[in-house]
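Remarks on the structure that follows.
Within every chain, numbering begins at 1; the chains are lettered A, B, ... in the order of the sequence lines, protein sequences first and strands thereafter.
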Amino acid sequence: MIDKTYQPGDVEARIYETWEAAGAFRAGRPERAEAEPFSVVIPPPNVTGSLHMGHALNNTLQDILCRFERMRGKDVLWQPGTDHAGIATQMVVERQMQERQEPGRRDIGREKFLEKVWAWKAESGGTIINQLKRLGASCDWSRERFTMDEGLSRAVLKVFVQLYRDGLIYKDKRLVNWDPKLLTAISDLEVQQVECSGSLKWSRDGEEQPDPAALSQALTKTLARNPNGHLYYFDYPLAGVDYDPADPATFITVATTRPETMLGDTAVAVHPENERLGHLIGRAAVLPLVGRRIPIIGDDYADPEKGTGAVKITPAHDFNDFDVGKRHDLPQISILDIEGKLALSQNEAFLDGVATSDDLYETVALHGIDRFEARRTIVERMAAKGLLRKIEPTTHTVPYGDRSNVVIEPFLTDQWYVDAKTLAEGAMAAVRDGRTTFIPKNWEKTYFEWMENIQPWCISRQLWWGHQIPAWYGPDGRVFVAESEDEAVAEALAYYVTKETLTSEEAEAIARDAGRRAAFLTRDEDVLDTWFSSGLWPFSTLGWPDEAPELARFYPTSVLVTGFDIIFFWVARMMMLGLYFQKDVPFRDVYIHALVRDEKGAKMSKSKGNVIDPLALIEQYSADALRFTLAAMAAQGRDVKLATSRVEGYRNFGTKLWNAARFAEMNGCVTVPGFDPASVKETLNKWIAHEAQRASREITDAIVAYRFNDAANAAYRFVWNIYCDWYLELAKPVLMGPDSEAKAETQAMVAWARDEIVKLLHPFMPFITEELWRVTAEGAEPRESLLVLAQWPAHEGLDNEAAESEIGWVIDLVTEIRSVRAEMNVPPATLMPLALVRPSDAARERAARWTDVIKRLARVSEIESANAAPAGAVQLLVRGEEVSLPLKGVIDLAAEGARLDKEIGKADADIKRIDAKLGNADFVARAPEEVIEEQRERREEAVERRAKLVAALERLKGAA
RNA sequence: GGGUGGUUAGCUCAGUUGGUUAGAGCGCCUGCUUUACACGCAGGAUGUCGGGGGUUCGAGUCCCUCACCACCCACCA
């Protein structure tokens, strides 16, 4: 007995266990050894994260593809796993330590800290996996991987060493995006540009706010809230002359949004062709507050239109200035420490060549203050010295760290880089020649755009949680890159022996002694960017660098399903690294889905508080309802704006399906083993076979084309509007009637169609369908196999236009009668006689065959034929046949007259519109023949319809 | 500054290569204990397809333009 109500909470957990126990998701099931492989790697979620709506969408779509292909008989591998998420995870653990008021990570040291992270991973790492299971994800969990697994770590080492040896990884000292809170370099992609503007206006020469005390107060107030955007104009006195604010020949004015960096200025640049300032090129200015002589140089970078036309150059704190500095061989003076505090005392570069002075002492005394505090102080001091000319509000963008949410500092450090430009060549070619295809196609443009302008990828992070860089430094600072410390030591010893820094005896002595070996080299402290290891995901998870049969069988993977937000972070890197190390693309297709947004279209974020928790929706409406909603809304190229009313609607859909199955059971509809739907005799059954085949085709085609919404809608329509609304209703008289042969066939067919439905719906709603499959028997026996492994409907030869035509007529007739009854306010209890007016033989036969159904569904008392339409009856046209409801006395004659008038009006409008088309010589001359023919037929039909309606109206008037 | 997408019913959204009278869900209105289902059944109303122009026999669909809304990339002294 099927339960009266479906309880998703109970069923879902049980069903999932059944699948796992049966090994249903395992790749390489023996019976599929010869099957075509289908593989997908999951975008690995953060190991300590939890499921958000983006995951729900992403994994629902992958699961639909995997379940679909599994049912189509393929050997499916959905490779699951998690990412160690370097920065994110380390931050979480550090925050926990802080909350518990424990000593910081630097206090306890690397080893102890990593123990804590691993402990946290052990504690929380299962959460997201369990949540994926709640969603129904059919991953092969026996193959679950983690980016810091032993195997994946070996892949990382091998890749790093190989790329280093091939000259594609190198160490370089240049400006990086430095996060002063996390104390690490980050890549360009991890920097968010935030627009900010200011409000403070002040001018030394004007009236705006001349009082220095008031200025100081305003500055304090303004700079207290960051970000802000102000342009500060400073006079830099020229060397060799006495500064006179009234005499432009004694100074050069520069404008900056970052006053504190002036301490690191090493030049002022003007455009070589600047008419106003060009003559100053070659002279020098004296850097205020410091006393350093800095040259005035000519460089195209200085735009005469911007600022004052003269720009201060701070090579160590600005990306553009860095380039200018390189061109002019300027010193790079870093004046900040890693935390963004002024680093002035003991700063040799800063003090180099600067004569001691009171100014300098005062400035160096600022050592250790924060960069924003420094900004205020510098401005105040410049103002006090009369060198601040003015302050203007401005709007500009400020770089923020996407994790730490603090202002990022361009900072001069040694870091490891990947030569992305070289690797990008192959990755672009692979998409250009179609070895990998993006769906929707337009994302390829985004991909190319970025690839063409790709910058060196900074891969080192000053973190502890991650893959430590396999680089060791010798006593002279020389770097040795190798897959293990032993190899590095061996390499280093050999090197130093050849260089005659060591004798071979010394080298051998070191090599023999483990302690000395370990002390001989120092390992690089840094770890790799998380995306470095995720970039290897499509092959590292398949067993590389070992010889793994899975790699040969499942690489390249069939499709990658992911959001557009990580095309650069992840997709591009996998393309580059996959092509380099496997000589083939990592995936054939890349399906890019949209972001899930809230109802108003805003990106969901914790800070906005508009996050909808997928688990809460699963609790409330079932995983199936959530999945179906996401699939139905996943139209290509558009964001998914999630409304919970949709989830509720699809929960109702599940209930509808459940009840339809209960109905089938109550009427003794049981799956007949070996039943052939092509053999049925009843028109109704031929019709549902025809419709089921059509639905199956639509759904299959849509999934293959990644048109998930079309697939979901086709399934929805078939189940609700075809199977439930009509097939079951039309079958009721047969199921309750006396014809045992027809009844038996129909019972079998109801069960067959239900089974088809359950299969077609399974990729979308795996739980309820599997449960229905379980509770419905096959013949006298329970089902032998699970639905998850059942065969996808793929039948041919069930098309049946004759059945479509006949059942279509019945449906139209019933619908028309219902419509008229409602319009005429005929009470449901009133049964009406129905007359076919001069029916064709076909219509008469059909009416006879469907008498019971028509009577029941249209609430008709009897059906007869008439030579003429009776007076005062309602006239209907059903597929060209005239039908009347002779209900004089019941209907409102005036209302019927109005209805007929309206119908005639419609017919007139149709005729007029078609005539306009057919009357157009150009249309007749140029439109395709079938379009014209269609219009002619339609006109004929409309004219006939009009004539009948007019006649009916005449009769109505006669009756009145 | 460069780019992408969007603007269709009260709301959330479909509408593949131009071709019937533009659709769905939710909401709304009317009626219904019709023996699976009120998480239901039956019927109904609602659109200048953002504005303007163009191409075409024919435009929600293609082109131009304007407006507004998102988002991405780059950068500004």
Do A/Ser819 and A/Glu816 have side-chain N/O donor and acceptor atoms under 3.5 Å apart?
no
Restricting to side chain to side chain contact (heavy atoms under 4.5 Å, CB included), what partner residues turn up for A/Asp188, sequence neighbours left out?
A/Asn177, A/Gln455
Under the salt bridge (Lys or Arg N to Asp or Glu O under 4.0 Å) rule, collect the residues that match up with A/Glu648, sequence neighbours excluded.
A/Arg651
Please classify the nucleic acid contact of A/Asn453 as base, sugar-phosphate, or nothing, using heavy-atom distances under 4.0 Å.
nothing
For atom CG of A/Asn713 and atom P of B/rU16, their distance in whole Å:
14 Å
Once hydrogens and angles are ignored, does a donor-acceptor distance under 3.5 Å link the base of B/rC75 to the side chain of A/Thr397?
yes
Given the P atoms of B/rG1 and B/rC66, what is the spacing between them in whole Å?
13 Å
Rounded distance in Å - CD (A/Gln193) to C1' (B/rC71):
15 Å
Applying side chain to side chain contact (heavy atoms under 4.5 Å, CB included), name anything that partners A/Asp725, two or more places apart in sequence or on another chain.
A/Trp720, A/Asn721
Check: residues 296-308 of chain A side-chain donor-acceptor pairs under 3.5 Å, at least two apart:
unit_1	atom_1	unit_2	atom_2	d
A/Asp299	OD1	A/Tyr301	N	2.8
A/Asp299	OD1	A/Arg327	NH2	3.0
A/Asp299	OD2	A/Arg327	NE	3.1
A/Asp299	OD2	A/His328	NE2	2.6
A/Asp303	OD1	A/Glu305	N	2.8
A/Thr308	OG1	A/Thr253	O	2.5
A/Thr308	OG1	A/Ala310	N	3.2
A/Thr308	OG1	A/Ala310	O	3.1

Length of the line joining A/Glu698:CD and B/rU16:P, which is rounded to integer Å
15 Å
In whole Å, measure the gap between the P atoms of B/rC11 and B/rG47 for me.
13 Å
When you measure from the side-chain N and O atoms of A/Arg707 to the phosphate of B/rG15, is any distance below 4.0 Å, counting only OP1 and OP2?
yes
So, is A/Lys445 close to the B/rG3 phosphate, meaning a side-chain N or O under 4.0 Å from OP1 or OP2?
no
Atom-pair distance (CD on A/Glu195; P on B/rC71), nearest Å
12 Å
How many whole angstroms separate atom CG of A/Asn442 from atom P of B/rC72?
16 Å
Nucleic acid footprint by protein, nucleotides 33-45 of chain B - heavy-atom cut-off 4.0 Å, B for base, S for sugar-phosphate alone:
--BBB-BSSSSS-
Looking only at the side chain of A/Asn320 (C-beta and beyond, no hydrogens), which of the listed nucleotides B/rG19, B/rA14, B/rC75 gets closest?
B/rC75
Using a distance-only test with no angle check, is there a side-chain donor-acceptor pair under 3.5 angstrom linking A/Tyr233 and A/Glu392?
yes
Categorize A/Tyr301 for me: base, sugar-phosphate, or nothing, with a 4.0 angstrom heavy-atom threshold over every strand shown.
base
In whole angstrom, what separates A/Phe923's CZ from B/rU20's C1'?
11 Å
Which residue, A/Arg646 or A/Phe568, contacts RNA chain B at a nucleotide closer to its 5' end, judged by nearest heavy atom?
A/Arg646
Non-neighbouring partners of A/Asp915 that pass salt bridge (Lys or Arg N to Asp or Glu O under 4.0 Å), sequence neighbours left out
A/Arg939
A/Glu444: partners by salt bridge (Lys or Arg N to Asp or Glu O under 4.0 Å), with sequence neighbours left out:
A/Lys441
Between B/rG54 and B/rC73, how many Å separate the two C1' atoms, rounded to a whole number?
33 Å
With sequence neighbours left out, the residues meeting side chain to side chain donor-acceptor pair (under 3.5 Å) with A/Thr746 are A/Asn685
If you write RNA chain B from 5' to 3' in dot-bracket form, with Watson-Crick or G-U pairs under 3.5 Å, [ ] for crossing pairs and | for pairs with another strand, what do you get?
(((((((..((((.....[...)))).(((((.......))))).....(((((..]....))))))))))))....
On RNA chain B, compare the nucleotides closest to A/Arg717 and A/Ala632; which residue's is nearer the 5' end?
A/Ala632
